[in-house]
2 protein chains.
Amino acid sequence: MSLRHALLGLLAVRPSTGYELAKEFEGDLGRHAWQAGHTSVYPELNRMAEDGLAEVTAEGARGAKTYTVTETGRTELHRWLMSPPGPTRARNEYVLRMFLISALPHDDALALLEQIAESTGDAAAELRAVREAHPDDGPLLGADGFGQLAAEYGLRQYEAVRDWARWAAERLRDEKPA
Amino acid sequence: MSLRHALLGLLAVRPSTGYELAKEFEGDLGRHAWQAGHTSVYPELNRMAEDGLAEVTAEGARGAKTYTVTETGRTELHRWLMSPPGPTRARNEYVLRMFLISALPHDDALALLEQIAESTGDAAAELRAVREAHPDDGPLLGADGFGQLAAEYGLRQYEAVRDWARWAAERLRDEKPA
DNA sequence: GCGGGCATGTAACTAGTTACATGATTTT
DNA sequence: AAAATCATGTAACTAGTTACATGCCCGC
């Protein structure tokens with residue numbers, strides 16, 4: 001039930017409507033950490049309100065409901081974050097693809113690794129360029145921090161995958177030299 | 001429906017029983033890429049056999065059924081791996097925790113980041129030691145390759161997270177110097 | 001002969017996705 | 001006035017988990 005904690009965390013950073021929360025999952029959050037559509041978000045917010053973790057603190061235009069985390073919710077988020085995670089489960093189709101490369105014949109595997117190195121390298125370069133353009137030293141905590149933490153994580157992630165793919169491609173090239 | 005492709009990939013590397021396949025998900029595969037219990041694996045294998053992607057090629061002791069990928073299955077795996085992935089979805093509770101750190105108060109966030117840097121650093125050091133001990137230059141493709149690819153990915157992953165946590169901790173220390 | 005690991009499965013449940021549905025505001 | 005975007009929701013379905021259930025084989 002991590003969706004609940006994801007929403008709790010987002011609300012702890014800043015009160016939001018379900019619509020805004022759902023959009024967060026389209027960025028780095030959804031790409032690297034947790035992903036959910038608005039059809040999961042709205043019912044979960046209702047349940048969280050029932051359970052006293054969040055409450056509706058404003059109603060705006062178009063029936064928009066702004067949720068705010070309650071003290072109970074904040075306590076629960078703190079407890080969850082500070083308690084050691086059990087064996088942690090992951091689902092990442094992209095990583096799965098990388099692992100399965102060893103099931104391919106040599107030439108296909110090599111081509112795929114080179115393609116992975118290139119696309120992750122491009123993604124990393126792009127993110128690095130964006131970061132150089134805004135050397136904003138805003139606070140790492142709160143609303144801005146969330147974005148910075150996530151962006152930096154994404155950048156380092158792409159670089160790690162790029163380097164891994166380069167390593168694997170090089171080993172593969174040595175293995176069967178034409 | 002990535003479980004199907006995960007199983008297809010594992011079977012393409014080496015014919016296995018459902019039991020063996022289920023165990024694979026307890027290692028690096030389940031930790032970083034895809035995770036499933038035996039109760040998902042057995043029904044899916046049956047469905048894959050029905051769909052002609054795999055077949056039972058041996059029956060051993062204790063009712064063990066060894067599945068082998070068919071030519072159709074191998075073609076499908078190849079098609080899937082070589083076709084560009086759409087926007088890829090990820091679910092990783094550990095990463096989610098990292099992103100939500102910005103919802104914590106300064107001191108808790110710093111303590112947690114330091115703890116993450118330490119535990120991922122330890123994990124990386126351990127994996128690196130194991131690798132130094134076995135500098136096996138076995139082939140990167142096929143059964144061994146799968147393990148090597150996954151192990152190397154895991155190692156680089158832990159190092160990337162360790163470095164990210166160190167970066168974040170350092171920024172946080174500067175932000176509010178006691 | 002007994003305990004642990006091998007080996008398979010079903011049933012009930014939970015979480016999340018896709019498709020459908022509606023309507024209000026803002027921008028062009 | 002139309003299009004885009006904001007904003008919320010329900011229903012049917014799919015995927016995966018937890019709990020339950022069974023039994024065989026091997027080492028001690």
Side-chain angles (χ1 to χ4, degrees), chain A residues 1-8 10-11 15-27 29-31 33-51 53-68 86-93 96, chain B residues 1-8 10-11 15-27 29-31 33-51 53-68 86-93 96:
Chain A
M1 216 201 265
S2 290
L3 173 58
R4 172 162 292 205
H5 291 110
L7 295 174
L8 221 40
L10 291 169
L11 289 178
S16 315
T17 64
Y19 185 82
E20 288 166 336
L21 292 167
K23 267 197 307 178
E24 289 275 1
F25 291 102
E26 287 166 26
L29 181 67
R31 205 155 20 246
W34 206 265
Q35 173 249 356
H38 77 274
T39 54
S40 306
V41 172
Y42 291 126
E44 186 62 33
L45 282 172
N46 283 325
R47 269 175 254 131
M48 286 165 71
E50 271 173 46
D51 296 347
L53 299 168
E55 57 191 346
V56 177
T57 48
E59 307 205 21
R62 280 164 289 204
K65 290 184 280 184
T66 300
Y67 287 85
T68 304
T88 161
R89 47 189 95 220
R91 288 243 164 80
N92 191 322
E93 193 190 303
L96 176 61
Chain B
M1 216 203 268
S2 290
L3 173 58
R4 172 162 293 206
H5 290 111
L7 294 174
L8 221 39
L10 291 170
L11 289 178
S16 315
T17 65
Y19 186 81
E20 288 166 337
L21 292 167
K23 268 197 307 179
E24 290 275 0
F25 291 102
E26 287 166 25
L29 180 66
R31 205 154 22 245
W34 205 266
Q35 175 249 355
H38 76 274
T39 53
S40 305
V41 172
Y42 292 126
E44 186 62 33
L45 282 172
N46 283 324
R47 268 175 254 131
M48 285 164 72
E50 271 174 47
D51 296 348
L53 299 168
E55 57 190 346
V56 177
T57 47
E59 307 205 21
R62 280 164 287 204
K65 290 184 280 184
T66 300
Y67 286 85
T68 304
T88 162
R89 47 187 95 220
R91 290 240 164 82
N92 191 323
E93 195 191 302
L96 175 61

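Computed over heavy atoms, backbone and side chain alike; hydrogens, waters and symmetry mates excluded. Sequence lines set the chain letters: A, B, ... in the order given, protein chains first and strands last, and positions in each chain run from 1.
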Participant: Could you work out how much the helix from C/dG1-D/dC28 to C/dT28-D/dA1 bends, comparing the axis of its first five pairs with that of its last five, to 10°?
Facilitator: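 Between the axes fitted at each end of the helix from C/dG1-D/dC28 to C/dT28-D/dA1 lies an angle of 30°.
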
Participant: How would you list, by chain and number, every residue that makes a side chain to side chain contact (heavy atoms under 4.5 Å, CB included) with B/E26, sequence neighbours excluded?
Facilitator: B/K23

Participant: Check every strand shown and say whether B/R91 touches a base, only sugar-phosphate, or nothing at a heavy-atom separation below 4.0 Å.
Facilitator: sugar-phosphate

Participant: Which nucleotide span of DNA chain C, 5' end to 3' end, has atoms closer than 4.0 Å to non-hydrogen atoms of chain A?
Facilitator: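 On DNA chain C, the outermost contacted nucleotides are C/dA15 to C/dT25.
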
Participant: Just call it for A/A36: base, sugar-phosphate, or nothing, with non-hydrogen atoms closer than 4.0 Å on any strand.
Facilitator: sugar-phosphate

Participant: Go through B/L53 and B/Y67 one step at a time and tell me if the side chain to side chain contact (heavy atoms under 4.5 Å, CB included) criterion holds.
Facilitator: CA-CA 10 Å; B/L53 299 168; B/Y67 286 85; over 6 Å; no

Participant: Please identify each residue that fulfils side chain to side chain contact (heavy atoms under 4.5 Å, CB included) with A/A33, with sequence neighbours left out.
Facilitator: A/L29, B/V95, B/L96, B/F99

Participant: Quick one: closest heavy-atom pair of A/S16 and A/L11, and the distance?
Facilitator: N-CD2, 3.7 Å

Participant: List every contact pair, protein side and nucleotides 5-8 of chain D side both N or O, where the distance is under 3.5 Å.
Facilitator:
unit_1, atom_1, unit_2, atom_2, d
D/dC6, OP2, A/Y19, OH, 2.5
D/dC6, O5', A/Y19, OH, 3.4
D/dC6, O4', A/R62, NH1, 3.3
D/dT8, OP1, A/K65, N, 2.9
D/dT8, OP2, A/G18, N, 3.4
D/dT8, OP2, A/Y19, N, 2.7
D/dT8, OP2, A/Y42, OH, 2.9
D/dT8, O4, A/H38, NE2, 3.4

Participant: May I have all residue pairs that pass side chain to side chain donor-acceptor pair (under 3.5 Å) and include part of residues 33-42 of chain B, sequence neighbours excluded?
Facilitator: A/R91-B/Q35

Participant: Write down the atom of A/A90, the atom of B/N92, and the distance for their closest heavy-atom approach.
Facilitator: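 Shortest heavy-atom contact: CB-ND2, 3.8 Å.
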
Participant: Could you check which residues of residues 44-51 of chain A get a heavy atom under 4.0 Å from DNA chain C? Sort them by number, please.
Facilitator: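 Under 4.0 Å from DNA chain C: no residue of residues 44-51 of chain A.
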
Participant: Would A/M48 and A/L3 count as a side chain to side chain contact (heavy atoms under 4.5 Å, CB included) here? Give the steps.
Facilitator: CA-CA 11 Å; A/M48 286 165 71; A/L3 173 58; over 6 Å; no

Participant: Using the salt bridge (charged side-chain N to carboxylate O under 4.0 Å, His left out) criterion, which residues pair with B/E44? Sequence neighbours excluded.
Facilitator: B/R4, B/R47

Participant: For a side chain to side chain contact (heavy atoms under 4.5 Å, CB included) check, start with the C-alpha distance between B/L7 and B/V41, then their side-chain angles and the critical distance, and finish with the verdict.
Facilitator: CA-CA 8 Å; B/L7 294 174; B/V41 172; 4.2 Å; yes

Participant: Residues in side-chain hydrogen bond (donor to acceptor under 3.5 Å, both in side chains) with B/T88, at least two apart?
Facilitator: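 Result, side-chain hydrogen bond (donor to acceptor under 3.5 Å, both in side chains) vs B/T88: none returned.
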
Participant: Select from A/P43 and A/R89 the residue whose nearest nucleotide in DNA chain D is closer to the 5' end of that strand.
Facilitator: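 Whichever sits nearer the 5' end wins; that is A/P43.
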
